[in-house]
Amino acid sequence: MGWSNQLSTMLDPGTILQERYRLVRLIGQGGMGAVYEAVDQRLGTTVALKQTHAPGGALGRAFEREARLLAGLRHPSLPKVIDHFADATGQYLVMEYIPGDDLATLLERRGAPFPVQEALAWADQLLRVLEYLHTRQPPILHRDIKPQNLKLTAEGEVVLLDFGLARGDPAAHSQVTSGGSLFGYTPHYAPLEQVHNSGTDQRSDLYALAATLHHLLTGVKPADALSRATAVLRRQPDPLGSPGEINPLVPPEVSAVLLRALSLNQEERPASAAEMRAALAHARAAAAASPPDWDAPTVAAVAEVPEDEPPRPSAPRPQALARTGALAAWLRRLAMIPLPAPLARLAGQRPLWQPLAAAGALLLLLLLAVRGGGETPRAERATLAPRATAVRPAATRTLGSAGVAVPTRPAPVPSAAPAGQSGVTPTAVQPARAASLEPDAVYAGRLPVVLTVRGEGLDRVRAFQLRAASGAAIVPEVRNASTSEALLVIGELPGLLNGEEAFALYLDDVAQPLTVVLRDYRERRTIRGVRAAYSYTGRVSSDESGALTQMLTDPASGSAPVAVLRNGDEVDLLRDDVPGWYQVRLVIRGRITQASVVGWVERWLVDNQGVPEAPVFAGRLGKTPTDAAVPCGARQYKSSIYGSVERADGGGIGGALVRVTSADGRNRFSQRTKKNGTFAIGGLGCTTWVVELLEVPGLAGFKANAVTVKNLNGGQYTAAEVRFRRQP
């Protein structure tokens, strides 16, 4: 089900549709369609025409659903639908024209977060419209709230646009995004249940709205739900930053409401738009009633320090550091205030506040550091650097998932001769030492795993252990231990591996400078077969970021998608025992994109080998006679070539591009097929003509033979039929 990321039929300004709508300009264009500004010549008003090139299929159904949904809605924050029609160039939705820029454009142009009060006023408007949508029968979910879909009017009102993903039937699940993506969500704004297609509800829209507000208040796109979920599963910090930490101007009460709405668990979010609107109103009131306390001291625990302890180097006192941090935060807030327009004109539009505030913060830090210097009081020294306490090791230590108690052996102590007694001092026993551990990385998906340790004194070791930084420990079985070599057999893991983990080797509780990496994947691969040229396979499509494919829940082309893969992504190969498929896990890197979810993908998409061949269209000359026996008459140009472009089942393909070229190359005619797949090119003279199929909608690549038509005599009654049919 692939499609081109550009419209095949772009309309020029001045084009008139339905003998009513005259196009003025192209407003925007994406993978699914385009939006034009137009004039309704019947009413003399400006309208917006949303065009999609795909009149049928999933895209067409999503487009028709958007028209039906919007036609029945009446709200000041929603555009009004005026008309809906289709013609050979696509389907069109005629809507109320909303002048102004979207919030994504305004945020980029501004180069700084929006003022808190302004963004919260927009939030109140949007929550009101969501309350309106969610209380329809059945409830209407927007499912694509993001800054790009929010238009700001000249009156400062925000309007919610683009219902291409909206769902009014609880049993329906769209697989098409407004940007042409297959998977029905926009990263950074979609909740986890929408990404996994596990059931969206009203709280899913609240997540998207909270993510949008997070972006508007910080200027930073929030971490996407898949990356967050994977970090939580790996017991790593949630990569979603608090709005107040990124922008100190955001009150903590407001941050708390947004973070609650951004919970990965649907049950932890506000239950409705009305509840979230009330929570934000309460947070705004609480923030206004309790301004920040700049002089609040830092409370620190006090511990006794022996009198004979030497003084430590001086350091700034905690109270000074607290005042410094609070005032520095205040200066950061000051730096984010836009320069007043008159001063901006005097300064040549240079942002003077920011460098002044930065210089002031630096000077303040230096002054307070000096004032906070001197000898640190004894109690504060105890807080800054507590005394270390020696801990006697236990006699036994429990290691491994089986809870095996392994005795530890004290280090041998050299014996010494009594004082005044002559004789030879016995040689101290040298501890065991490991020189190598092989292999240093191994696939642990199948047990047992055998490791070889080489070194000295290995036959004296009472306990071999492998320990990870996470605290996981393994007690391997020891086989064939000699002085210089020992075989370690791992028959059980301390828990599930999620990727790879390094385990250090310990001999009798003494760490050795050797590690082995245990991994749950066979090997790491780089995606190489996700290319736009393979869109004809139906497994590759494109969005604004380039070519993409879907990772599936099962090794079957009809199973549900779980994540997006692109060329250059790294995956861990988990299974290769299903013909034609790999089970893979997407590797997380520092960037915030998709997360490390597990799924299935066809092997050719990973390896770029065995790629399905491009579809073939067989062109043939029909039975209509070209009348080769009739010689060319006078110089007339009345002959024609007609025919069709067809699917494998014989159905016509509309929008395909056919070209007819004379043998000498001087004359060339092109035409797109009608909705039923037919074409007819007339005005041809007496010569040999070559007919070619150049484009087919939705196929970035295909093969088609050229068809040669000879001896058209140029007369009115001679014609040739040429058909191109896709082969099974």
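Sequence positions, counted from 1, serve as the residue numbers for this chain. Predicted model only: the values in this text are computed from it and were never measured.
Val601 is listed as a side-chain neighbour of Leu565, based on a closest heavy-atom distance under 4.5 Å. Proximity of Val616 to Arg726: side-chain heavy atoms (C-beta onward) are nowhere separated by under 4.5 Å. Looking at Leu605 and Val540, their side chains come closer than 4.5 Å, going by heavy atoms from C-beta outward. Asp124 places none of its side-chain heavy atoms less than 4.5 Å from the side chain of Leu126. A heavy-atom distance below 4.5 Å is not found between the side chains of Leu152 and Asp102. A heavy-atom distance below 4.5 Å is not found between the side chains of Phe724 and Ser644. With contacts defined as side-chain heavy-atom distances shorter than 4.5 Å, the pair Leu684/Trp689 qualifies. At least one side-chain heavy atom of Leu548 sits under 4.5 Å from a side-chain heavy atom of Ser541.
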Checklist entry - Could you walk me through whether Leu49 and Leu17 pass the side-chain contact (heavy atoms from CB on, under 4.5 Å) check? => result CA-CA 10 Å; Leu49 258 68; Leu17 300 174; 3.7 Å; yes
Checklist entry - Checking side-chain contact (heavy atoms from CB on, under 4.5 Å) for the pair Ile140/Leu73: CA distance, chi angles, key distance, verdict? => result CA-CA 10 Å; Ile140 296 175; Leu73 300 178; 3.7 Å; yes
Checklist entry - Tyr36 and Tyr21: side-chain contact (heavy atoms from CB on, under 4.5 Å), yes or no, with the steps? => result CA-CA 10 Å; Tyr36 300 88; Tyr21 304 108; over 6 Å; no
Next on the checklist: With side chain to side chain donor-acceptor pair (under 3.5 Å) as the criterion, how do Asp40 and Tyr97 come out once you've worked through the C-alpha distance, each side chain's angles and the decisive distance to 0.1 Å?
Outcome noted: CA-CA 11 Å; Asp40 184 342; Tyr97 178 73; over 6 Å; no
Next on the checklist: If you apply the rule side-chain contact (heavy atoms from CB on, under 4.5 Å), what do you find for Leu78 with Val159, and how did you get there?
Outcome noted: CA-CA 6 Å; Leu78 297 176; Val159 178; 5.7 Å; no
Checklist entry - Please walk me through it: do Asp205 and Arg143 pass salt bridge (charged side-chain N to carboxylate O under 4.0 Å, His left out)? => result CA-CA 6 Å; Asp205 275 351; Arg143 304 210 309 160; over 6 Å; no
Item to check | Stepwise salt bridge (charged side-chain N to carboxylate O under 4.0 Å, His left out) check, Asp649 with Arg725 | outcome: CA-CA 9 Å; Asp649 60 4; Arg725 175 171 290 189; over 6 Å; no
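With no hydrogens or angles considered, no side-chain donor-acceptor pair links Asp144 and Tyr189 at under 3.5 Å. One side chain, Glu193 or Ser204, offers a donor N or O that lies under 3.5 Å from an acceptor on the other. For the residue pair Thr15 and Asp12, no side-chain donor N or O sits within less than 3.5 Å of a side-chain acceptor on the partner. No side-chain donor-acceptor contact under 3.5 Å links Thr212 and Lys146. Side-chain contact check for Gln51 and Tyr92: at least one donor-acceptor pair (N or O, by modelled atom type) lies under 3.5 Å.
Around the CD atom of Gln671, the shell of radius 6.0 Å holds more than 12 heavy atoms that belong to other residues, nucleotides or ligands. Within 6.0 Å of CD on Glu19 lie no more than 12 heavy atoms contributed by other residues, nucleotides or ligands. Enclosure of atom CZ in Arg42 is not indicated, since only 12 or fewer non-hydrogen atoms of other residues, nucleotides or ligands lie within 6.0 angstrom. Under a cut-off of 6.0 angstrom, the local environment of CD in Gln41 is crowded, with over 12 non-hydrogen atoms contributed by other residues, nucleotides or ligands.
In this structure a side-chain-to-backbone donor-acceptor pair under 3.5 Å is missing from Asn676 to Gly652. Not a single donor-acceptor pair under 3.5 Å links the side chain of Arg668 to the backbone N or O of Ser662. At least one donor-acceptor pair under 3.5 Å links the side chain of Tyr132 to the backbone N or O of Arg74. Looking only at distances, a side-chain donor or acceptor of Thr549 sits under 3.5 Å from a matching main-chain atom of Arg539. Checking side-chain atoms of Thr153 against main-chain N and O of Glu157 turns up a donor-acceptor pair under 3.5 Å. A donor-acceptor pair under 3.5 Å links the side-chain atoms of Gln125 to the main chain of Val158, judged by distance alone. Proximity of a side-chain donor or acceptor of Ser670 to a complementary backbone N or O of Arg659 within less than 3.5 Å is not detected. Side chain of His188 to main chain of Ala223: no donor-acceptor pair is present (N/O by atom type, distance under 3.5 Å, no hydrogens or angles). The main-chain N or O of Gly241 is found under 3.5 Å from a side-chain atom of His214 such that the two form a donor-acceptor pair. A side-chain donor-acceptor contact under 3.5 Å links Thr673 to the backbone of Ala656.
Atoms CD1 and CD, on Ile82 and Glu96 in that order, are 7.0 Å from each other to the nearest 0.5 Å. Interatomic distance, CG of Leu226 versus CG of Leu586, reported as 9.0 Å (0.5 Å rounding). For the atom pair CD (Gln137) and OG1 (Thr135), the distance works out to 8.0 Å, reported to the nearest 0.5 Å. Atom-to-atom distance recorded for Leu209:CG and Met276:CE is 5.0 Å, nearest 0.5 angstrom. To the nearest 0.5 angstrom, Asp83 atom CG is 8.5 Å from Leu93 atom CG. Interatomic distance, CG of Leu216 versus CG of Leu107, reported as 6.0 Å (0.5 Å rounding).
For the pair Arg228 and Asp224, the salt-bridge criterion is not met [side-chain N within less than 4.0 Å of a carboxylate O]. Taking the charged nitrogens against the carboxylate oxygens, Glu108 and Arg110 have no contact shorter than 4.0 Å, which rules out a salt bridge. The pair Asp101-Lys151 does not meet the salt-bridge criterion, since no charged nitrogen lies less than 4.0 angstrom from a carboxylate oxygen.
Annotation for Leu699 and Ser535: closest pair C-OG, 4.0 Å, computed over non-hydrogen atoms. Minimum heavy-atom separation, Pro79 to Leu161: CG-CD2, 3.8 Å. Considering all non-hydrogen atoms of both residues, Ser640 and Gly682 come closest at CB-CA, 3.8 Å. Nearest heavy-atom pair, Leu280 versus Ala123, reported as atom, atom and distance to 0.1 Å: CD1-CB, 4.1 Å. The two residues Leu217 and Ala119 make their nearest non-hydrogen contact at CD2-CB, 3.6 Å. Here the shortest heavy-atom pairing between Ile653 and Arg647 reads CG1-CG, 3.5 Å.
Geometric assessment of Arg203 against the ring of Tyr207 yields a negative cation-pi assignment under the 6.0 Å and 45° thresholds.
Here the two rings, on Phe702 and Phe617, have centers that are under 6.0 Å apart.
With Pro243 as the fixed residue, the side chain to side chain contact (heavy atoms under 4.5 Å, CB included) test singles out one of Val220, Val250, Val116: Val250.
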